[in-house]
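A short worksheet on the structure shown next.
Since we're looking at a predicted model, the values are computed, not measured.
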Amino acid sequence: MHDPRVLLDPATDAVRKLARRGFHLDTTALEKLLSGRNAAIQRGDESRAESKRLASAVKGASPEERPALVERAREMKATITLADEEQKVLDAELQELLLGIPNLPADELPDGASDEDAEQVRTWGEPQHFDFTALDHVDLGEKLGILDLQRATKLSGPRFAVLKGKGAALERAIARFLLDVHTDRHGYTEWSVPALVTRATMTGTGQLPKFEQDLFRTEVADRELFLIPTAEVPLTNLHAKETLATEDLPLAYTAHTPCFRSEAGSYGRDTRGLIRVHEFSKVELVRFVEPERSRAELEVLVGHAEAVMQELGLAYRVVRLAAGDIGFSAEATYDIEVWLPSQNRYREISSISDFGTFQARRAGIRTKSKDGTRGFAATLNGSGLPIGRTLVAILEQGQQPDGSVKIPEALVPYTGFSELR
RNA sequence: GGAAGCGUGGCAGAGCGGCCGAAUGCACUCGCCUUGAAAGCGAGAGUCCCGAAAGGGUCCGGGGGUUCGAAUCCCUCCGCUUCCGCCA
């Protein structure tokens, strides 16, 4: 969420920046709401001050002047109620307006609104071009007997996956490997967090109120909970409504959790296999940093995600998403795209974003420095990595002419086997 | 799910309906003292909102009510603790 004052400050250049992502900011409406609300607060406060004066006057008043004072105090109460009601209404309207305004894309992002407009930053590894016909992960998985999509559909409907035997073991190995690297080498603290969270929690990171259709929602009696689409949600909200000491920053958190996505509006896209499913698991990285450092921290975070890609020996490229293609809460986003031989192109495997103070304002993640200066933290997060898509890449990039799959060296200590056949 | 109790500042812990933004202790900040530290002494310090500022307002788990006036009384919700029930 934005600070309306900052948003209205010409120096912020919000109208132009938001236009880059196709959002029209109605500054007149915003200004009107803000000043109206502030005036109502002012009036309420003045009336309250008067009411307090009257109340203490009543105490020392003589029996003769008392009734008149009490009468005036009663009237003042009505004035207060009126101002408060007006403030409440305007405040709610302002809040609603602000919650719907996306974050400002950073100027360095390329123009455009689709993944086509992303700008390639660098590549790593050699995209494989086999001299045999590359199979996709579904064919490979089924032939190897580690993937069972029919039964997944039987259990839960389309867009679910069942892994079996070494497939399930590989999934577990990938998760453990990722967590170990990020905790031991990159200094992240591992958390185990709920996959069901409240509406307020979802609002803190920006999934709600605008994107309810993307989430799975549960309801038991009068209790409503949402299934997390990513561990970003619980991890970031761990510090909701808290004040962090700046000397404790940066905080680096990781968690391996299930992720649930309705995938509404992606009919027909990636219907085959593990790439786009309703439930998958992911190791997520989240950082809480000082706002001035957020863009530098984005590079650090990308580095952590790239490190595991390299460790796994997976060919990939890094792209900078276009201003109109980044997520609602983001200021800047890098995607890591892994090479998929069966599709003969790079596909997104990790998304790493800088949210500036946008999420912190919504969630109330404040900072306080030694000298007493207060502010909001900047938050960042990135996939490090999703297990399913990583498994897809390992299968496809590691496939051999005979249909077997070579497991990356780094994983062998975790799997206990070095090939699938 | 049933019964009882409890929710006050970073922590601990007082608090008669007006003198309570709230005692006291610890922790914290700045002085003094000290070769240095500890102890001791003095001073200061909460949050959020409106305001250019002066200043004003808010906040004693959340919400509502009674009253001229509520941390203090009433209702309700939430959370925690203990006991019982159920349960992986």
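- In this structure, A/R5 reaches the B/rG51 phosphate: one of its side-chain N or O atoms is under 4.0 Å from OP1 or OP2.
- Between the side chain of A/D45 and the base of B/rG57, no donor-acceptor pair under 3.5 Å is found.
- The aromatic rings of A/H182 and A/H186 are tilted relative to each other, their planes meeting at an angle between 30° and 60°.
- Atom CG of A/L94 is separated from atom P of B/rC50 by 10 Å (rounded to the nearest Å).
- In this structure, CD of A/E247 is placed 12 Å from C1' of B/rC28, rounded to the nearest angstrom.
- Looking at residues 68-82 of chain A, you'll see A/V70, A/A73, A/R74, A/K77 sit with a heavy atom under 4.0 Å from some atom of RNA chain B.
- Rounded to whole Å, the P atom of B/rG63 lies 13 Å from the corresponding atom of B/rA71.
- Neither OP1 nor OP2 of B/rG56 sits under 4.0 Å from any side-chain N or O of A/R53.
- In this structure, B/rU29 and B/rA43 make a Watson-Crick or G-U wobble pair, each of the two defining distances being under 3.5 angstrom.
- Between A/E46 and A/L54, it is A/E46 whose nearest contact on RNA chain B lies nearer the 5' terminus.
- The distance between atom CZ of A/R366 and atom P of B/rG46, rounded to the nearest whole Å, is 16 Å.
- Taking atom CZ of residue A/R66 and atom P of nucleotide B/rG18, one finds them 14 Å apart after rounding to whole Å.
- Between the side chains of A/S353 and A/T333, at least one donor N or O sits under 3.5 Å from an acceptor N or O.
- The CG atom of A/D84 sits 10 Å away from the P atom of B/rC59 (whole-angstrom rounding).
- Remark: A/R287 engages A/E297 in a salt bridge, criterion side-chain N to carboxylate O under 4.0 Å.
- Between B/rC60 and B/rC19, the two P atoms lie 15 Å apart (nearest whole Å).
- Of the candidate nucleotides B/rG69, B/rG56, B/rU47, B/rG56 has the atom nearest to the side chain of A/A49.
- Under 4.0 angstrom from either OP1 or OP2 of B/rC59 there lies no side-chain N or O belonging to A/R48.
- Across B/rC73 and B/rG18, the matching P atoms stand 12 Å from one another, rounded to whole Å.
- As rounded to whole Å, 14 Å separates atom C1' of B/rC48 from atom CZ of A/R361.
- One interatomic measurement links the two molecules: CG of A/N38 to C1' of B/rG56, which rounds to 14 Å at whole-angstrom precision.
- Under the Watson-Crick or G-U wobble criterion, with both distances below 3.5 Å, B/rA52 has no partner in any strand shown.
- When side chains are defined from C-beta on, A/V338 counts as touching A/M309, because their heavy atoms get closer than 4.5 Å.
- Comparing B/rC59 with B/rG64, their P atoms are spaced 11 Å from each other, to the whole Å.
- Remark: B/rA38 base-pairs with no nucleotide in the shown strands. Criterion, Watson-Crick or G-U wobble with two distances under 3.5 Å.
- The gap from the P atom of B/rC41 to that of B/rU24 amounts to 14 Å, rounded to the nearest Å.
- B/rU81 and B/rA88: their P atoms are spaced 22 Å apart (whole Å).
- Looking at A/E93 and A/R37, no side-chain N of the basic residue comes within less than 4.0 Å of a carboxylate O on the acidic one, giving no salt bridge.
- A/K52 has a side-chain polar atom (N or O) that falls below the 4.0 Å cut-off from OP1 or OP2 of B/rG57.
- Figure legend: A/K166 and A/F417 shown as a cation-pi pair, the cationic atom lying under 6.0 angstrom from the six-membered ring centre and within 45 degrees of its axis.
- The six-membered or imidazole ring of A/F288 lies near that of A/Y253, with a centre-to-centre distance under 6.0 Å.
- Summarising the base pairing, B/rC86 is matched to no nucleotide, lacking a Watson-Crick or G-U wobble pair whose two defining distances lie under 3.5 Å.
- Going from the P atom of B/rG13 to that of B/rU8 covers 9 Å, rounded to whole Å.
- Of the side-chain N and O atoms in A/R43, none sit less than 4.0 angstrom from OP1 or OP2 of B/rC50.
- Shown here, B/rG5 forms a base pair with B/rC80; the pair counts as Watson-Crick or G-U wobble because both key distances fall under 3.5 Å.
- The separation of B/rG9 from B/rA45, taken at their C1' atoms, amounts to 12 Å, rounded to a whole angstrom.
- Between B/rU29 and A/K368, no contact under 4.0 Å exists linking OP1 or OP2 to a side-chain N or O.
- Nearest-nucleotide positions on RNA chain B place A/E50 closer to the 5' end than the other of A/V58 and A/E50.
- Applying the 6.0 Å contact sphere to CD of A/Q310 captures more than 12 heavy atoms from other residues, nucleotides or ligands.
- A salt bridge does not link A/R159 with A/E263: every distance from a Lys NZ or Arg NE/NH1/NH2 to an Asp or Glu carboxylate oxygen is 4.0 Å or more.
- Note: CZ (A/R374) to C1' (B/rC48) measures 9 Å, nearest angstrom.
- No more than 12 heavy-atom neighbours from other residues, nucleotides or ligands sit within 6.0 angstrom of NZ on A/K241.
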